[in-house]
Engineer: 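Please see the structure below; I have some questions.
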Amino acid sequence: MQLSLAVLILFVLAITISAFRGFHVPGPAQRVDLSTLAQEGPFAEPGLVERAPSRYEAYILASTWEFTPPEIRIPVGSTITFYLTSTDVLHGFWVEGTNINIMVLPGHVSKLTARFEKPGEYLLVCHEYCGVSHHEMAGKVIVEPRS
Ligand code: CUA
């Protein structure tokens, strides 16, 4: 009984502290209209955009059961901001070996910025069950060494 109470107090404390310390999770940056997604806005032509040297934005569409584009290529040391949305159901976006892990919802834009310090191929997968071919929904981030 005392142990249960102690654990409960600990949880309440953890939640309270995280609420006041500016703790934030990747959130929906904006909303998008699914009916016009393919015609207008950055998701009409999904892909990589270079905003400055070593600074990229990636607009990625998640749909059953693929990511568009399925492959992103950046030079090592680049910072990339991912903007993701779904055209149909809830999907996930997880990049192996990194802390990039976000949910992708229809009608919402999920935004996440990351820096790639090591060259290599990073597998990206959908980690939210989205139907029969969920396990095949994958892509990759290719981080190329600088020449
Ligand atoms: Cu998309 Cu699982």
Side-chain angles (χ1 to χ4, degrees), residues 7-8 10-147:
V7 169
L8 193 67
L10 202 69
F11 284 165
V12 171
L13 267 176
I15 290 167
T16 309
I17 290 167
S18 62
F20 288 102
R21 288 197 60 199
F23 171 79
H24 61 93
V25 292
Q30 57 190 99
R31 289 174 189 274
V32 282
D33 187 348
L34 286 184
S35 60
T36 58
L37 199 64
Q39 288 86 47
E40 57 186 56
F43 291 101
E45 284 179 54
L48 195 66
V49 183
E50 187 172 8
R51 291 294 180 206
S54 298
R55 292 207 151 262
Y56 294 88
E57 287 177 1
Y59 294 87
I60 300 175
L61 278 176
S63 49
T64 47
W65 289 278
E66 60 185 7
F67 291 106
T68 309
E71 198 179 287
I72 299 277
R73 240 170 231 276
I74 49 163
V76 71
S78 296
T79 300
I80 180 165
T81 302
F82 293 96
Y83 293 88
L84 297 120
T85 195
S86 165
T87 61
D88 39 47
V89 297
L90 173 68
H91 295 281
F93 184 77
W94 175 65
V95 182
E96 188 185 41
T98 71
N99 61 357
I100 301 167
N101 181 332
I102 197 165
M103 289 212 293
V104 186
L105 297 92
H108 283 77
V109 178
S110 301
K111 183 185 169 189
L112 188 70
T113 300
R115 195 175 152 88
F116 287 85
E117 302 282 8
K118 278 189 201 153
E121 278 194 23
Y122 296 76
L123 180 71
L124 66 90
V125 296
C126 174
H127 63 73
E128 295 287 343
Y129 183 73
C130 56
V132 289
S133 291
H134 156 72
H135 61 284
E136 290 173 4
M137 190 169 169
K140 55 187 158 184
V141 177
I142 299 169
V143 181
E144 296 175 321
R146 286 179 196 271
S147 48

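Numbering of ligands and ligand atoms starts at 1, following listing order. Since we're looking at a predicted model, the values are computed, not measured.
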Engineer: So which of Leu37, Ile60, Leu105 actually passes side-chain contact (heavy atoms from CB on, under 4.5 Å) with Thr85?
Structural biologist: Leu37

Engineer: Strictly under 2.8 Å, is any N, O or S atom of Cys126 next to atom 2 (Cu) of ligand 1?
Structural biologist: yes

Engineer: With a 4.5 Å heavy-atom cut-off, do Pro46 and Tyr83 have their side chains touching?
Structural biologist: no

Engineer: Please state the angle at atom 2 (Cu) of ligand 1 spanned by O of Glu128 and SG of Cys130: what is it, rounded to 10 degrees?
Structural biologist: 110°

Engineer: I'd like the atom name of the N/O/S atom in His91 lying closest to atom 1 (Cu) of ligand 1.
Structural biologist: ND1

Engineer: Are the side chains of Val109 and Phe43 in touch, meaning some heavy atoms are under 4.5 Å apart?
Structural biologist: yes

Engineer: Are the aromatic rings of Phe93 and Phe67 close, with centres under 6.0 Å apart?
Structural biologist: yes

Engineer: Of all N, O or S atoms in His134, which has the smallest distance to atom 2 (Cu) of ligand 1?
Structural biologist: ND1

Engineer: Checking only N/O/S atoms, does Tyr129 have one that is under 2.8 Å from atom 1 (Cu) of ligand 1?
Structural biologist: no

Engineer: Is there a donor-acceptor contact under 3.5 Å from the side chain of His134 to the main chain of Glu128?
Structural biologist: yes

